[in-house]
Amino acid sequence: MRWSQFYLHTTREVPADAEVTSHQLMLRSGMIRKAAAGIYSYLPYGLRALNKLTAIVRREIDAAGSSELTMPAVAPAELWEESGRWEQYGKELLRIQDRHGRDFVFGPTHEEVVTDIVRNDVRSYRQLPVSLYQIQTKFRDEIRPRFGLMRGREFIMKDAYTFHADEASLDEAYRGMHDAYCRIFEACGLDYTVVEADTGAIGGSSSHEFMVLADTGEDEVVRCAGCGYGANTEKAETGSLPAPPAANADQGPDAEAQDVATPGLATIPEVASFLGIEPSQMIKTLIYTSEEETPIVVLIRGDRTINEIKLAHALGVRFPVLADDATVKRITGAPVGFAGPVGLAEGVRVIADHSVKGMVGAVTGANQGDTHRVGVTPGRDFEPTAYADVLLAAAGDPCPRCEGTLELFRGIEVGHIFKLGTKYSEAMGCTFLDAEGKSHPMLMGCYGLGIGRTVAAAIEQNNDESGVIWPLPLAPFEVLVIALNPQDEAVVAAAEEIYQGLAEAGVEALFDDRKGRPGVKFNDADLIGVPLRVVVGKKGLAEGNIEVSRRQDREKHMIAQQGAVEHIRGMLEATTTA
RNA sequence: CGGGGCGUAGCUCAGCCUGGUAGAGCGCACGGUUCGGGACCGUGAGGCCGGAGGUUCGAAUCCUCUCGCCCCGACCA
């Protein structure tokens, strides 16, 4: 491709509305252009990178035994009503009507459509398993799109769905997809980790996320260096925390609880500092409400945070939210800041995190304004309705699986695989007959991989102050040939010859044949990040030499003009196998 | 949806507080000198100052409403 004919416009200035590196670089190097918040055009240079990735994805997912299809982006509301998600999915689901006023959705994911297809074609266990995938544009009306392609509203996703007669078959497919994803992300040169994840709105029994480690990532994950345990903090478990010393230890081990005046001290740090204790020696008492439940009291160690997703699971509700001041007052009889587990009204459910269990002589609110209670011991002074794991994991917590310690990382979720079980097949009547002729809902798995997000993540991880440094497998072009002195006929002719030679050899080359000064071309070359740069200049050419360098390390060396194409191919070969 | 910020030339921004004929740099076009890391000189094109109302003799500037965009939070494959 000749640059003079290629639609590639770089910018020198950093666009005002981009903050993260990958977003800035994708805009500056002419890969994407914003049409609206979270909605982008993929310009030719960016599209080439996306196409590189989708080719890798097709190769690996095909190899995992899945068949590609394309489902409609716009699906009838009836299918979504059947699965129940027309009601459940909420505002993120873009709903549209046709001219007759019929309801449709712009698909954010395709469980309904694919289940509808399979239930019509597949009747027997003999026809299972089935594995289908597509690479297609999705739409999710995100509350807050951000960071360019990282969280778009319209985005390209590879989504695969599998259908099975039994658990073993689902496990096998799940494993196969897991391994295919690993190969894909490795090919992209990504530093990633696989973690256990919450299943969220999609539902199902088990799921793993593929996280690219990056400070700009929107997710937090924990990982144990010892045993390799990894999980999204939404889901992460911890080993049991060592109990802190009693706050009233100076009064003897069995000292009775007593009230102390804490005028105006409504927060944990204030009370701890006033009493000269650590926040960990307190029990935090929070009142939660939800659509489904009456208010519930939740207890956790004073220095720790509730994981509301875990709490939702523990309570069996969808969105627990902190109660408003009036509700707190009604349940505890005290203003916010003085709630405690002792002396609550009869019948109030109290859920205590495991971190509270071993505590002795702790400090809690006294359910009375300006008063706290010192020396409270669970099991002696109060008994929670139940203990549950509602702890938000933190760096330094003990690993739940070994003697190790958890570390905290930020990550970009580039892939997510789920075992769905029978959630959709049951709701939509996607059944098969077993060997005895009995009907069962199929077991399902679904497997998502963000195409644009993966490319963005690759840039996020591979760049320097001058621009992108493409990993070769994703690079829009493998080689950039620069005619450094476009006014010099010999230079242009020599560059042209190398470019042609590369093209004939099947190398994807971009030929910078623009009329422009060397500095501009060098800076553009760095910005767009093509892995191999070939510079044909007047000086080198006078000695029969051209210069080649890798974007990665920028180490330049001169090679003979004769046989240059072969030399360059050899360098690419070496990079591929390295 | 709550909080914060921003909409002026293709891009990055100044001008706004204190109302008085719309600016700079980059980019673009033309001419000339240059030509291995974003050259220089000259000339030129380019803006309904996001939109609508209002105040005023006069509004980019003050007021009201509205639309869009970015960031934080809540939320979310």
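Keep in mind it's a predicted model, so treat the numbers as computed, not measured. In what follows, chains carry the letters A, B, and so on, assigned in the order in which the sequence lines appear, proteins first and then strands, with residues in each chain numbered from 1.
- A:Asp159 comes within 4.0 angstrom of no nucleic acid atom, judged by non-hydrogen atoms across all strands.
- Counting non-hydrogen atoms under 4.0 angstrom, A:Val321 reaches nothing in the nucleic acid.
- Residue-level contact check: A:Phe147 touches the backbone only, with heavy atoms under 4.0 Å from sugar-phosphate atoms and none from bases.
- Using a 4.0 Å heavy-atom cutoff across all strands shown, A:Gly450 reaches at least one base atom of the nucleic acid.
- Across all strands shown, nothing is found opposite B:rC35 as a Watson-Crick or G-U wobble partner with both distances under 3.5 Å.
- Nucleic acid contact class of A:Gly90 (heavy atoms, under 4.0 Å, all strands): none.
- A:Trp80 has its ring centre less than 6.0 Å from the ring centre of A:Tyr89.
- Between B:rC1 and A:Arg144, no contact under 4.0 Å exists linking OP1 or OP2 to a side-chain N or O.
- Of the residues near RNA chain B, A:Gly448 and A:Arg28, the one whose nearest nucleotide (by heavy atom distance) lies more toward the 5' end is A:Arg28.
- One finds a salt bridge joining A:Glu111 and A:Arg85 here, because a Lys/Arg side-chain nitrogen approaches an Asp/Glu carboxylate oxygen to under 4.0 Å.
- For a distance-only test at 3.5 Å, the side chain of A:Arg151 qualifies as a donor-acceptor partner of the base of B:rC76.
- For A:Gln136, the CD atom sits in a packed shell: over 12 heavy atoms of surrounding residues, nucleotides or ligands are nearer than 6.0 Å.
- Using N1 to N3 plus N6-O4 or O6-N4 for Watson-Crick, or N1-O2 and O6-N3 for G-U wobble, each under 3.5 Å, B:rG23 pairs with B:rC13.
- Separation of the A:Tyr447 and A:His416 ring centroids does not fall under the 6.0 Å cut-off.
- Base pairing analysis places B:rA52 opposite B:rU64; the two distances defining the Watson-Crick or G-U wobble pair are each below 3.5 Å.
- For A:Asp215, the CG atom sits in a loose shell: 12 or fewer heavy atoms of surrounding residues, nucleotides or ligands are nearer than 6.0 Å.
- Atom CZ of A:Arg183 has more than 12 heavy atoms from other residues, nucleotides or ligands within 6.0 Å.
- Closest contact between the side chain of A:Ala36 and the listed nucleotides B:rG38, B:rC75, B:rC69 involves B:rC69.
- Of the candidates B:rG27, B:rC70, B:rG36, the closest approach to any side-chain atom of A:Lys34 belongs to B:rC70.
- Out of B:rG27, B:rG73, B:rG36, the shortest distance to the side chain of A:Arg146 is found at B:rG73.
- Between the side chain of A:Arg533 and the base of B:rG37, at least one donor-acceptor pair of N or O atoms lies under 3.5 Å.
- A salt bridge links A:Arg58 with A:Glu68: the closest approach of a Lys/Arg side-chain nitrogen to an acidic carboxylate oxygen falls below 4.0 angstrom.
- OP1 or OP2 of B:rA39 sits under 4.0 Å from a side-chain N or O of A:Arg517.
- Here A:Glu308 lies in heavy-atom contact (under 4.0 Å) with sugar-phosphate atoms only.
- Here the side chain of A:Pro518 is nearest to one of B:rG38, B:rG36, B:rG73, namely B:rG36.
- Base pairing analysis places B:rG44 opposite B:rC28; the two distances defining the Watson-Crick or G-U wobble pair are each below 3.5 Å.
- Backbone-only engagement by A:Asp17 is indicated by non-hydrogen atom pairs under 4.0 Å involving sugar-phosphate atoms exclusively.
- Each of A:Leu484 and A:Gly148 lies near RNA chain B, and the nucleotide nearest A:Leu484 is the one positioned closer to the 5' end.
- As judged by a 4.0 angstrom heavy-atom cut-off over every strand, A:Pro108 is placed among residues making no nucleic acid contact.
- Residue contacts shown for A:Lys138 are absent, as no nucleic acid heavy atom lies under 4.0 Å away.
- Taking only distance into account, the side chain of A:Asp526 meets the base of B:rG37 through a donor-acceptor pair shorter than 3.5 Å.
- Pairing for B:rA59 is absent, judged as Watson-Crick or G-U wobble with the two contacts each under 3.5 Å.
- Under the Watson-Crick or G-U wobble criterion, with both distances below 3.5 Å, B:rC1 is paired with B:rG73.
- Here the separation of B:rG68 from B:rG58, taken at their P atoms, is 32 Å to the nearest Å.
- When each of B:rG27, B:rC69, B:rC76 is scored by its nearest atom to the side-chain atoms of A:Ala37, the top-ranked nucleotide is B:rC69.
- The nucleotide whose nearest atom lies closest to any side-chain atom of A:Glu13 is, among B:rA74, B:rG25, B:rG36, B:rG25.
- Among the protein residues, A:Glu218 comes within range of no part of the nucleic acid, since none of its heavy atoms lies under 4.0 Å from any strand.
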